[in-house]
Each structure stands twice: as structure tokens, then as C-alpha cells.
Amino acid sequence: MASTVLHIVNSTLEWVTLALDTPSARAVVFGVHIGGHLFVEGLLLVVILFLLSQKSYKPPKRPLTKKEIDELCEEWVPEPLIPPITEEMQYEPPVLESAAGPHTIINGKEVVNFSSANYLGLIGHEKLLESCTSALEKYGVGSCGPRQFYGTIDVHLDCEARIAKFLGTPDSILYSYGLSTIFSAIPCFCKKGDIIVVDEGVHWGIQNGLYLSRSTIVYFKHNDMESLQNTLEKITAENKRAKQLRRYIIVEAIYQNSGQIAPLNEIIRLKEKYRFRVLLDESNSFGVLGRSGKGLTEYYGVPVDKIDIITAAMGHALATEGGFCTGSARVIDHQRLSSSGYVFSASLPPYLASAAITAIDVLEGNPALVAKLKENIAILWKGLSNIRGLSIASHPESPIVFLRLEKSKGSVKDDLKLLEQIADCALKEDSVFVVVTKRSTLDKCRLPVGIKLFVSAAHSESDMFKACESLKRFTESLLSNYN
Amino acid sequence: MITIPYLTALTTYFSYGLLFAFGQFRDFFRKIFDWWHASNLQGYAPICLGLEDFYIRRLYLRIQDCFGRPISSAPDAWFDVVERYSNDNNKTLKRTSKITSCLNLGSYNYLGFAAADEYCTPRVIDTLNRFSPSTSSTRVDGGTTTVHTELEECVANFVGKPAAIVFGMGYVTNSAILPVLVGKGGLIISDSLNHNSIVNGARGSGATIRVFQHNTPSHLEKVLREQIAEGQPRTHRPWKKIIVIVEGIYSMEGELCKLPEIVAICKKYKAYVYLDEAHSIGAVGKTGRGVCELLGVDPADVDIMMGTFTKSFGSCGGYIAASKEVIQYLKYTCPAHLYATSISPPAAQQIISSIAVILGEDGSSRGAQKLARIRENSNFFRSELQKMGFEVLGDHDSPVMPIMLYNPAKIPAFSRECLRQNVAVVTVAFPATPLLLARARICISASHTKEDLLKALERLEEAVGFDYFQISSENRGML
């Protein structure tokens, strides 16, 4: 027994001496011989591992008891669903009793209508009404399904082909609502991590699309090309990985909030220099700008394939509802499966699609409408430019004539009140229907408010004369009362 | 909830795996090919990077002919489907002028108002001549006509709430209302299978979003208790308000929501209820007033009721019905009301006329007949399909019946075979449903007659046969 123990002890000792004496276990540090340092290091490692495996001290987590949760739930008081109703929230718009053409009936009286974006005067056109009637009799009203599930009716395909042919682009896609066109198209192409440079005066639809896309958004000053150039320069300098980063510039052709026209030739020059893609919203310029109404590209003489994506709402010049988006085949095909407003929503009612086809036919066969509209805008401009107290803030060729107060009354609320009074008086006493900008609480646009007049090719000279006189009279009288 | 049998799950995964592998293979060759040809992107980043559109290019395009089939007549019980052909293996499809008349089991036409109707269409054409197809203006500017005010009153009466507001599109209704009602600091608790428009609206609002298990009131209670006790994330401040969003009928499951329990829970915890009745308004309930009527819930208990007019009324657009103050506030600030063109007047007239027919105000009993017919049709069809051995989802009385397919190969097979037999069905796969749970969805309409349904059953049986489906013997004869 003792001999085996001794034997074991001896062999261990031999082994340890061997370990300590192996060449690798000998080291010379600062002239001092150290033997068996591996053994020490091994021991150190074991100690470290032991310490690491110890649990650190954390105060124990005590979840809330059922009673505590009950108490919290009882104590919690939610805010009311809506804030209390103030007086300005009770505004009721005037109710029309006939079609929203250049003349309409409000409260039994005939008024001159400057509040409909009926730029080409196609509301009430017989060809439109005829094609709608035959479509209604053939297809009924609704399309009863999204485009992927038997909601594609042959008029939709015809309409898309017609729009593409008219504009000269490869393909187009039809949406069932004007507002959803832009806020579905943007998240379809812009994802998290992409960079979008956008004008600060864009309308709510674009703002919502930008928010939903979760990309990085950079604003530039409203319609200011220098600001745009500086922004693009800054972004390109900061981000060198052009290969994976998608970059977009989003502008409107004619801004709904101010009536300015975007200088497309400048934008194209900048886009090509810095390699950004352009998304252009032509809701208010389709059918208005250019010799035959093809929009901003024709106005500036830019070939339409330089713009990557063009969207437009058809509820303006084309006097129908819905919207379309057009561009290269790749762009359009991508939207057919990834654009939420297209895939998850019922398609456009077929009679509205056939109205759109007829409207484009009328426009193409009758370019004189566009010229008449231009004339009317010029006449109205001349008449409104000498009103004391109001200045025209929109471009001379924009069909939305935007009148702003020359001197603001201090706050947006006061300005709005005064402008509403002017518009009210004009409607009640002179039967001229104009509108004041209304902004939602969700809208981030900070452009000044004003009175808007939508000019139509169907307005006669006397209509516009009447409007100018009426606005002049009431502005001067109300401003003097105010002062 | 759907429980998928193990063998089916395995085979489905295997099929998808195979498709994925083939897709990657082809992508690899495509990359080599493209190397040879100069890229025409010139320094711009591509529209889709890497695997973003892999599913579309390699899986969806193969069976593209099953989706988006154009029709050339009204989507009534029988309609004309346009034939298409492809020269490049389904990458592009071209229309022909040939049409086939098929039985329509896919359109949302619950009460049969899809085609020209004897009461509604003359009135619609009248309104068209009076008011034109569009007002080209927003509601607050010059877009409110007498038809719009009549419509809002009509809808409010029909649904049982004091006031209503109408928009031109159902999708926009959800996306534009939620950001107005709740913002940062609020909480939205939504059902896990809610529609994309609700998800988008909730995201656009900036509120925190939590999800509760589909149609499980006990889980909703658990989530509510947790969230109220914890408060806002990170700061733990109390929530400003909590909105619970549920749907009346879930379009991919055909189930009715458990509304009485959910309303009771929300009342207890002071949360607001938002009910989306897109598929149930007009289609269920004794007089067609939706799930509230069917399940016996007082409309005053539901804070906000939303619905669309596309399905049961054969028109377009959406509405919100709530108390007068809420509607007043929405009219003041909702972006869809302030910035979007108002609903087309003929479409509005169609809704008014169809509501009049449903309520019997047109002097006939067609409305009551339609409601009775859709109920009978749905229940009959569902029981027959189950007898045939299909796995059909959905509750009793619901006109939406999804049939489970699971396997990706069955999706085009079912769709094409049915089309060959002149029955038009809708098949749905990823991403509208979870990856493994592909299905075919049948929507019954009040305009289907008994003969139509019997013919459909006969043709479905022929189409399915034994080559594509194994209707297991234990399922046969099971109700």
C-alpha cells in the first residue's frame, strides 16, 4: 500500500519536474531565469475561468404582482379620443347643387366657380358623359376586387396603354385614388437607408410617402436651385458608396401649396451631375403645361425618359378620379407587386378609367384647350396684379393662382381669418367662389397661406373680370376695416 | 388557428427549398451573363438590390398567369375572362381577343350589385349627367355636393351611428385616419392578421404598435394589462391613449371577430375600439348592418366604425362612422378630406341606391332576398366543400371561404385546372399569407343561383381529381 502511494507520489514529482524543466517552460525575463512559468500560467487560466463562471450580483427582478397591475390599470386615465371642438373646427364648406364646372349652383344661386381644378373645362363634356354612361351600363359601377384578383378590367389595360402612348413612355400603371398614388409609389422604391432630397413645400401625400419609406430625408428650400445644389453636394461628399445607396430627388411640377413651377432643366442637370433619380409629381401640370399638354417635360423640352418616375393624380385636368404612374418598364413592373396602394386595394371603377381615356382623346384632338387655358391665366394675372394688400405668389403660367397677403397680420390664424372673410364676402355678395388654403394638423408644410383660384379653360373673360373686381373690392374694404 | 400536419409542412418546405435552389442557380448564371454585357446603370444604384425581388423574379413570375387575369365584362356571377398567352415563359403576358365565360368565385360581390342593377343604374346615370364623373376638387374646397351630404347621412343611419364621413378609397381611409386619431405617445394594439392598410396607417401615425394573437381576447387582455402597467417604452410615462383595431371578417381566414368579448375588455381597460368592417358591412347580419348586428353588440360601444363600399355595395370608397364630435374633428383635420378629390358623385349615388335596396326602401323585397340568399349560399357551399374533403376555413355565415392548399405546386395547378373547367378562383400565396399556408379563396355572392353553386361544386371536383389532391379518406364524409 505504502509503496504504491510512494510510487504515485514519485511519478507525479517526476512529471512535475519534467514539466518545469521542459525547454518551453524555461524563460529568461530581464536577465532572470524563470522555470515552469507555463505551470503558473495554466493555474492562472483556471482561476480566470472560475471567476468568469461566477454570476455577477444583480438586484433580483421583481415583476409586478397582479394586484399592482390592477391598481395601475384602474388609475390610468386616457386622453379623450379627440381634443375639444373649437369654433374653427365647425366650418362647413358650401354645398354644390350641380356639376363643378365654371358655373355652379350654391344655395340656389348661380356662382362663378374658381375652386375646382377643372383646368381643361372637361367637367360636363358630352363625350366624357357618353363614354361613362356606356361603361356604367356594361360594367356596373365598382370593379369588386383588387387588380390581382379579377379586378383588372380591359378598360384599365387600355387606359394604361393610352397614357403611356400619350406621354411617350414605355408603360404606365393605374391607381384607384389620386392621393394614394404618390404615397404608395415612394415607399415602393425608397427603403430604409436610402437618401431622398425633397422640396420643403411638397403636399401631404408626398410627406406621408416619405415618412412611410423610412429613408433619410433632406429638405431643400422651396424651389431654390442653389439650395438644391448645395444639398446634393453635401450628400455626395458625405456618402461615397454610390453603388448600394439609392438616391432620389422628389419635386412637384406645379406645387399645390404655392403655385410655383419647378425648373426642370436645372434639376436634370443637377441630377445627371450627382447621379440621383428624379421622381416628379405632375398632378397639376398634366394637361396644362407644354404645347399639347404633355406636362413639365414638354414645357422645358426635356426628353421624357430622363425622368425616372412620373406620377400624377387624374382628378385635376382630366376631370376623373384616380392616379397613374409612368416610367420605364422596370419601374412599372416593380410597382405591380410591391406597391401597397395597388396590390391591397380595389381597382379603379371602370367608368372612371374610360372617362380618363376619353379625356386624353379630347385633349390630344384639341390642343387649343391648352392654349385657351394659358390665355385665361394671363388675363386673370393681369386683373389680380393690381390689388392693394394681396400679391400673387404663384408662377405666371400656373393654373393655380395663389394670392398672399402682402403684410401678414401676425399669426397664421389671423391671416386665415381675414382671408376667409374675403372669400366669404366674395361668395355671398358677388357669387364668386374662391377658396382659402386649409392645412391639416399633420401637414408639415410651412409655406404662407393664401387665397387660391383654379383657372379653367372654360372660364369666360367676364367670369374672370368679375372675380378680379370682387376680390379687389372686398380686400380693400376688409383691410381698411382691419386697420 | 390553422395547424398544419407535419408531413404537409415537410413537403411544402421541401418544395420551396427546391424552388429557392433553382432560383439561386439561375441567378448565378444570370450574373455571369450580365458580366459580359455592359451594365446600363451608369453609376446609379439598381432599383432592387440582391435578394429584394428574388421572390418575384424566380417564384412569382413562373405562375404569373394565375394572377391579374383581365376580364371584359361586369364582375357578376358569370363573367368573361380574357385569355392571355406568353412567348417568353411567363415573363410577359399578352392579351388576345378571345374570351371565355367563367363562373365567378373570386370577386367581392356579396350582394350582387356588381353589374348594372335595375334600381341603381338609372339613378347613377342620372347623377352622372347632373354632376359629372368627378368634382375635381377636395371636399373642403368645392367638392361637396348634395349627393355627398346625402350619402353621409345615409351611411350614418345604416350603420347606427350619429354621423359619418366618406372618402373616395377604402385604403386611404385607414391610412389617413389613424395618424389623426393617435400620434406619438399613443398605443395601437392590432390583431396579428390585420390588413395592410391598417398596418400602414398605424406606421404612419408614429404611435407604438403592439400585436395580439389573432382573435384571442384573453391575449388581448394580457397585452393591455402589461402595456398599461409598463407605460411608454423607455420613459415609462403613461400612455396618452390606447386604440384596439380589429376587423369584422378577416379576408384571408373568413372568420368573424369575437367582438362582444373584445368590446367588454376594452371597456374595462378604457381603450378605444376601432372596427374595420370592410368585408362584413352589408354581407352579414339580419338586415345587413354588419358584425355588430350579427353578434349583438351595440354600435354605441364601438368608438369608431370603418368600412368600405367596394364589397357589398358594388361601388368604391370608404367611410368612418362615429360620434358627431369625432366626425367634426376629422373633417377639420383629416388629410384625406382636405387634400384628396372627393368621391365620384355617380359612385356615391350607387351607394345610396344600394342601401335603399338593402333596407327595402325602394318598395321591393329584393334587399331581404339578397341577404337571405347570401346566407343560404355561403352555408350550403361551405358544408358541401367540407363534405368533399377540402379543408375550409371560416365561420358559419361568413361568405368568404379559404381552401387550404399549402404546397406551392398546388397553387398554379388548382388555378389553371379550375380555369380549364371555366371556374374562376383566386389563389393566394406569400406575402399575403404566411409562407406555408397558401390557399385558394372563394367568395360567394347573392347573385349565385343554386344551379351555379352545384355546377361549381361539380367542376371543382372534376378539376381537383386525384392527380393533384389527395382528399384523405378520413376527411371525406366529415362535416
Side-chain angles (χ1 to χ4, degrees), chain A residues 64 69 72-73 76 78-79 81-82 85 89 93 95-97 99-100 115-118 123-124 132-133 137 139-142 144-145 147-150 152-154 157 176-180 204 208 211-212 244-246 275 315 319-321 337 340-341 344-346 349 355 435 438 440-442, chain B residues 43-45 56 67-68 70-72 74-75 106-109 114-116 125 128 131-137 140-142 144-146 149 168-169 171-172 179 196 200 204 225 228-229 238 240-241 269-270 272 310 314-316 325-326 328-329 332-333 335 338-341 344 347 350 426:
Chain A
L64 296 169
I69 299 185
L72 281 168
C73 293
W76 178 66
E79 269 181 19
L81 194 54
I82 45 162
I85 303 281
M89 292 186 192
V95 176
L96 273 68
E97 290 159 19
S115 71
S116 299
N118 173 23
I123 289 187
C132 283
T133 314
E137 284 169 353
Y139 300 110
V141 176
C144 300
R147 286 291 291 262
Q148 298 288 60
F149 302 149
Y150 304 108
T152 308
I153 306 188
D154 46 5
L157 300 172
S176 44
Y177 204 47
L179 194 63
S180 75
W204 180 83
N208 195 29
Y211 185 77
L212 287 172
Q244 303 289 62
L245 202 61
R246 288 174 288 219
R275 299 251 178 274
T320 169
E321 302 234 350
L337 277 171
S340 29
F344 292 108
S345 164
V435 282
K438 293 176 186 63
S440 158
T441 44
L442 298 175
Chain B
Y44 291 93
I56 297 175
F67 302 102
I71 64 177
S72 68
S107 296
Y108 301 137
N109 179 22
I125 296 188
L128 172 74
F131 287 103
S132 247
S134 162
T135 56
S136 284
S137 178
V140 283
D141 285 345
T144 307
T145 63
T146 45
T149 39
M169 183 183 175
Y171 188 93
V172 164
N196 186 276
N200 258 350
R225 285 170 65 85
I228 298 180
K240 292 208 181 130
K241 47 183 119 142
Y269 291 95
K270 297 175 261 183
Y272 299 111
T310 340
S315 175
C316 65
E325 290 79 35
V326 173
Q328 193 79 41
Y329 180 68
Y332 172 67
T333 174
L338 294 175
Y339 301 126
T341 324
S344 167
Q350 162 80 10
V426 157

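In the text below, chain A, chain B and the rest are named by the order of the sequence lines, each starting its count at 1.
Ring pair F149(A)/F67(B) is tilted by interplanar angle, where 30° to 60° counts as tilted.
For I123(A), the parts sitting under 4.5 Å from any heavy atom of chain B are the backbone and the side chain alike. For T320(A), the part lying under 4.5 angstrom from a heavy atom of chain B is the backbone only. Heavy-atom distances place both the backbone and the side chain of S107(B) under 4.5 Å from chain A. Contacts of L72(A) with chain B are made by both backbone and side-chain atoms, with heavy-atom separations under 4.5 Å. Looking at E325(B), the atoms closer than 4.5 Å to chain A (heavy atoms on both sides) sit in the backbone and in the side chain alike. Looking at L128(B), the atoms closer than 4.5 Å to chain A (heavy atoms on both sides) sit in the backbone and in the side chain alike. Residue contact with chain A, scored on non-hydrogen atoms closer than 4.5 Å, involves the backbone and the side chain of Y269(B) alike. Both the backbone and the side chain of Y150(A) come within less than 4.5 Å of a heavy atom in chain B. I85(A) touches chain B through its side chain: at least one heavy atom from C-beta onward sits under 4.5 Å away, while N, CA, C and O do not. Within the 4.5 angstrom heavy-atom criterion, only backbone atoms of A115(B) (N, CA, C, O) approach chain A.
The residue among P238(B), P179(B), G168(B), A347(B) with the most heavy atom pairs within less than 4.5 Å of chain A is G168(B). Annotation: maximal heavy-atom pairing with chain A below 4.5 Å, among T310(B), N109(B), T146(B), occurs at T146(B). Listed options P335(B), P133(B), P75(B) were ranked by heavy-atom pairs under 4.5 angstrom with chain A; first place goes to P335(B). Of all the listed residues (L179(A), N208(A), I69(A)), the one sharing the greatest number of non-hydrogen pairs under 4.5 Å with chain B is I69(A). For the options C144(A), A355(A), S180(A), heavy-atom pairs under 4.5 Å to chain B are most numerous at C144(A). Of the listed residues (T441(A), L64(A), N118(A)), the greatest number of heavy-atom pairs within a distance under 4.5 Å of chain B belongs to T441(A).
For the pair L81(A)/Y329(B), no side-chain contact is recorded, criterion being any heavy-atom separation below 4.5 Å from C-beta on. Between D154(A) and Y139(A), the closest side-chain pair of non-hydrogen atoms falls below 4.5 Å. Counting only heavy atoms from C-beta outward, the side chains of T145(B) and T135(B) approach each other to under 4.5 Å.
Under the 3.5 Å distance criterion, the side-chain polar atoms of K438(A) are left unmatched by any main-chain donor or acceptor of L338(B). Of the possible polar contacts, none joining the S132(B) side chain to the A99(A) backbone as a donor-acceptor pair under 3.5 Å is found.
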